[in-house]
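Take a look at the structure below.
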Amino acid sequence: MSVAQQIKKVTAKAITSLYNIELPQESILINATKPEFEGDYTIVLFAFVKQLKKNPEQLGNELGEYLVKENSELFTSFNVIKGFLNLTVSNNYWLHFLSTNYNNINFGIKEKTNAKVMVEYSSPNTNKPLHLGHLRNNFLGWSIAEILKANGNAIVKTCVVNDRGIHICKSMIAWKLFGNNETPETTHTKGDHLVGGFYVKFNDAYKKEIEEIINTGKTKEQAEKEAPIMLAAQQMLVDWEAGKPDVIELWKQMNNWVYKGFDETYKKIGSNFDKIYYESNTYLLGKNLVKQGLDKNVFYKKDDGSVWIDLTKDGLDEKVVQRKDGTSVYITQDIGLAEQRQKEYNAQQSIYVVGDEQNYHFKVLKLICKKLGLPSADGIYHLSYGMVELPTGKMKSREGTVVDADDLVAEMINIAKHKTEELGKVKDFAEDELTELYNTIGLGALKFFLLRVDPKKKMIFNPEESIDFHGFTGPFIQYTHARIKSILRKAMVNGQWSIENNSPLTIQHSLLPLEKQLAVQLEIFPAIIEEAATEHDPSKLAIYIFNIAQTFNSFYSQHSISNAENEEKKLLRLQLATLTAQILKAGMSLLGINVPERM
RNA sequence: GGUCCGGUAGCUCAGUUGAAUAGAGCAACAGCCUUCUAAGCUGUGGGUCAUUGGUUUGAAUCCAAUCCGGAUCACCA
C-alpha cells in the first residue's frame with residue numbers, strides 16, 4: 001500500500017477514535033507538501049472542520065499528535081500551518097521502500113485480471129499515406145494499450161482499415177487516366193505514396209474540370225456534379241460493389257501497394273495490431289440490426305423507405321441508419337462491427353482512438369447500441385483526441401498540405417544522428433548500434449512530443465521549428481537513463497556493487513532533501529500508472545517521468561553516488577539510482593519509447 | 001441557430017473532484033565541465049489565469065452572462 005493510502009487510512013481511524021465520527025477515506029484530502037514547508041504529505045483540514053466543529057489549528061494539533069503517537073513507525077513529526085497538517089514520514093519508511101523495491105522490475109505493474117479491453121487505433125484510409133495526425137493516433141493507441149496492460153487488463157489491439165469507398169476510387173481513376181501503368185517498382189516509390197499521389201492528381205484534375213464547366217456558364221454546384229472525372233469515380237464505386245472483375249483487380253493491386261507501404265511505416269514506428277478488420281468485409285454488417293431495430297420499435301421507416309432513429313429526447317437529432325435505396329450508412333456499419341467484435345472477443349471495454357471531430361458520431365453510436373440492447377454498448381469508450389494542426393490551419397491531404405509521417409520520422413532520426421555526432425560520445429559504437437541509437441532518439445523525441453500533452457487538446461505543429469531535444473523532451477529522459485546506467489556499470493565489480501558492508505540500510509540520520517524528494521516521487525509510480533489508465537491519458541505519465549528525470553539530475557549534480565560520504569550513503573544512492581533508471585525505462589516503455597544504455 | 005470543446009508567461013503546455021505565494025520547458029540574460037555522460041545543473045527577468053458578476057472561510061478551478069477561436073449538427077466516411 002502506498003504512503004498516501006496509508007495516511008488516509010490512519011487519518012480516518014484517528015478521527016473516529018478522537019471524535020467518534022466515521023469519515024470515508026475518499027473525503028480525506030491529502031497532497032504532497034509544498035517544498036517551502038516542512039513535511040512530506042499534507043492533510044487539508046478545511047474539508048472537515050465544519051463537521052467536527054473545531055477550528056483548524058486545534059484540530060490539526062490534536063490530529064497530528066495522535067497520528068505521530070499511534071503510528072510512530074510511519075511518522076516522525078508534524079506541524080500545523082493555517083488549515084494544513086504537514087506530516088513528516090519516517091526515514092525508515094523510505095529506506096525500507098527503496099531496499100525492497102529498487103530491484104523489482106515489476107514495480108507499479110499489476111497482476112493480470114480477467115478484464116479484457118479492445119483498443120482500436122490508427123484506422124487509415126487506403127488512398128493516401130499516413131500523416132502526422134495518424135502518428136498522434138498511433139502513439140496514443142499504442143500507449144493506452146500498454147498502460148491498460150500494466151493495470152492488469154488483457155488487450156486486443158485492433159485496426160479498422162478503410163479500404164473501400166469513393167476515396168479509393170478517386171485514386172484508382174486517376175491512376176487509370178494518368179498512371180501510364182506506373183508501379184512502386186517502376187517508380188521506386190513507396191506504395192502508399194504512389195497511390196496518395198494519384199489522389200492528389202484526381203483532385204487537381206477535378207478542380208480543372210469544374211473551372212472549365214463553370215466557364216460554360218453553369219453554377220459551381222452543377223459543375224461539381226457533372227465533372228466527368230467525378231462521374232467516373234462514382235461509376236467505379238458502383239462497379240466495385242457489383243464486383244466487376246477488372247475494377248476489383250485494380251482495387252486489390254493498389255491496396256496491396258498501400259499495405260506494403262503501411263507495413264514499412266508501422267514497423268519503423270513500432271506499431272502493430274492483434275487483429276485487423278477490413279471495411280470491405282464489414283461494411284455490410286449491421287443490416288440485420290436495422291431489421292431488429294425496426295421490430296423493437298427503436299427505429300422507424302419513413303415513406304420513402306429510409307430508416308431512422310429519433311434521438312431528440314436525448315438531446316440529439318434524428319439520424320438516418322439506412323438509406324432509401326437499402327444501403328447502409330457509416331454508423332450502421334459501426335454498430336454492426338461493434339456487435340461482431342463483441343461476439344469474437346467479448347471485451348468488457350472497447351476503446352476507439354478517434355479524433356474529436358467524431359465526438360457526435362460516437363455519442364450517437366453508443367446511444368443506438370444501448371437502445372438496441374447490445375451487450376457491447378456500455379463498454380464503448382471514445383478516446384477522443386484533438387487534431388494536429390499547422391500554423392496555417394488544418395492539414396488537407398486533398399491539397400497536399402500534410403506533414404507526411406515517413407518524412408517526419410526520417411527527419412527526426414536524421415536530427416538525432418547529427419546531434420549525436422556533434423557530441424561525439426559514442427564513437428566506439430558499431431554501425432548497427434549507431435543506427436539503432438538514432439532511431440531510438442529520433443522516435444523518442446517525436447513520440448514524447450506528441451504524447452506529453454493532454455490527448456483532448458488540439459495541438460499545433462510548426463514544421464519550421466524542429467522538435468526539441470532539450471528540456472521537457474524524450475531525449476532528456478533517455479539521456480538521464482543512459483547517465484544512470486553508466487554510473488551503475490562503473491559501480492559494479494564482478495557482478496556486485498563494490499560496497500564494503502552490504503548489509504541492509506540502518507542509517508538513522510536524515511535523508512538529504514534531494515534524496516528524500518526523489519524517493520517520495522519514485523514511490524508514487526504505481527499511482528501514476530493507475531491515474532493514466534483511468535483518465536486514458538498518457539501525458540500524465542510523460543509529465544511524471546520528466547519530473548523524475550529532473551529531480552534525479554538535480555540530485556546528481558549535487559551528490560556523488562560512487563564517492564558518497566560513506567558506504568551506507570553509497571548503497572542508498574545506488575538503490576535510488578537503480579530504481580530511478582528502472583522507472584524511467586518502464587515509464588517510457590508505456591509510452592512506446594525505448595531508452596538507450598548509452599548515448 | 002442547437003450541442004460540445006478550448007482561451008493560463010513572448011512561444012509550447014501543466015495545474016480545473018475548490019486549498020498555502022499559479023508551475024514547467026523553450027526563448028532571453030548571468031553563472032557552472034582537472035571530479036560518476038554539460039542532450040545536464042544553478043540563478044534572474046517574465047502573469048488582468050479572455051471579460052464581468054455570483055457562490056464560498058478560500059475560485060485559474062464551481063455557477064451565470066459576455067467576448068474570441070474551433071468542432072459538429074449530411075440518405076459523406
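Convention: sequence-line order gives letters A, B, ...; per-chain numbering from 1.
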Give the nucleotide from the list [options] with an atom nearest to the side chain of [X].
| X | options | value |
| --- | --- | --- |
| A:N553 | B:G40, B:G70, B:G25 | B:G40 |
| A:Y479 | B:A14, B:C36, B:U37 | B:U37 |
| A:F546 | B:A19, B:G25, B:A20 | B:G25 |
| A:K457 | B:G7, B:C41, B:U12 | B:G7 |
| A:R452 | B:U12, B:G15, B:A20 | B:U12 |

Between [M] and [N], how far apart are the [atom1] atoms? Round to whole Å, please.
| N | M | atom1 | result |
| --- | --- | --- | --- |
| B:G53 | B:U17 | P | 25 Å |
| B:C49 | B:C13 | C1' | 14 Å |
| B:G46 | B:C63 | C1' | 33 Å |
| B:U34 | B:A30 | C1' | 24 Å |

With [X] as the cation and [Y] as the aromatic partner, state whether NZ or CZ is under 6.0 Å from the six-membered ring centre and within 45° of the axis.
| X | Y | value |
| --- | --- | --- |
| A:R598 | A:F429 | no |
| A:K419 | A:F469 | yes |
| A:R136 | A:Y385 | no |
| A:K302 | A:W308 | yes |

**Request:** Would you kindly compare A:P475 and A:A47 by the position of their nearest RNA chain B nucleotide and give the one closer to the 5′ end?
**Result:**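 By nearest-heavy-atom nucleotide position, the 5'-most residue is A:A47.
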**Item:** Closest-nucleotide ordering on RNA chain B, the 5'-leading residue of A:N563 and A:T42
**Value:**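 Upstream on the strand: A:T42.
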Contact class for [X] vs. all strands (heavy atom < 4.0 Å): base, sugar-phosphate, or nothing?
| X | value |
| --- | --- |
| A:D314 | nothing |
| A:M459 | sugar-phosphate |
| A:S554 | sugar-phosphate |
| A:H418 | nothing |
| A:T420 | base |

For [X] and [N], is the shortest distance between a side-chain N/O and OP1 or OP2 below 4.0 Å?
| X | N | answer |
| --- | --- | --- |
| A:H470 | B:C26 | no |
| A:Q550 | B:G25 | yes |
| A:K34 | B:A20 | yes |
| A:S557 | B:A38 | no |
| A:S486 | B:U37 | yes |

**Prompt:** What residue among A:R452, A:K456, A:K457 forms salt bridge (charged side-chain N to carboxylate O under 4.0 Å, His left out) with A:D454?
**Reply:**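 Passing option: A:K456.
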**Prompt:** How about A:E226: does its CD atom have over 12 heavy atoms from other parts shown lying under 6.0 Å from it?
**Reply:**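 Yes, because the 6.0 Å sphere around CD of A:E226 holds more than 12 heavy atoms from other groups.
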**Asked** Within the modelled atom types, does a donor on one side and an acceptor on the other bring the side chain of A:N547 and the base of B:A14 under 3.5 Å apart?
**Response**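 Such a pair does not exist between side chain and base.
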**Prompt:** Rounded to the nearest 0.5 Å, what separation is found between the CD1 atom of A:I545 and the CZ atom of A:F552?
**Reply:**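 If we round to the nearest 0.5 Å, A:I545:CD1 and A:F552:CZ are 15.0 Å apart.
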**Item:** Whether A:Y556 stacks on the six-membered ring of B:C36 base, 5.5 Å and 30° limits
**Value:**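 Yes; by the centre-distance and plane-angle rule, A:Y556 counts as stacking on B:C36.
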**Prompt:** Ring of A:F84 versus six-membered ring of B:A20: centres under 5.5 Å and planes under 30°?
**Reply:**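 A stacking contact exists, since A:F84 sits close and nearly parallel to the base ring of B:A20.
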**Request:** Could you check whether the rings of A:F362 and A:Y352 sit parallel, tilted or perpendicular, using 30° and 60° as the cut-offs?
**Result:**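 Rings of A:F362 and A:Y352: tilted, 30 to 60°.
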**Request:** Tell which nucleotide pairs with B:U17, taking only Watson-Crick or G-U wobble pairs whose two distances are both under 3.5 angstrom.
**Result:**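 No nucleotide pairs with B:U17.
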**Any-strand Watson-Crick or G-U partner of B:U55, both distances under 3.5 Å** =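 Checking every strand shown, B:U55 finds no partner, since no pair has both distances under 3.5 Å.
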**ring pair (Phe, Tyr, Trp, His ring centres under 6.0 Å) evaluation trace for A:F472 with A:F476** = CA-CA 7 Å; A:F472 185 21; A:F476 169 85; 9.0 Å; no
**Asked** In terms of base orientation, is B:C33 syn or anti, with the syn window spanning 90° either side of 0?
**Response**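 Base orientation relative to the sugar is syn.
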**Request:** Indicate for each nucleotide in nucleotides 72-77 of chain B, in 5' to 3' sequence, whether protein heavy atoms under 4.0 Å reach the base (B), only the sugar-phosphate (S), or nothing (-).
**Result:** SS-BSB
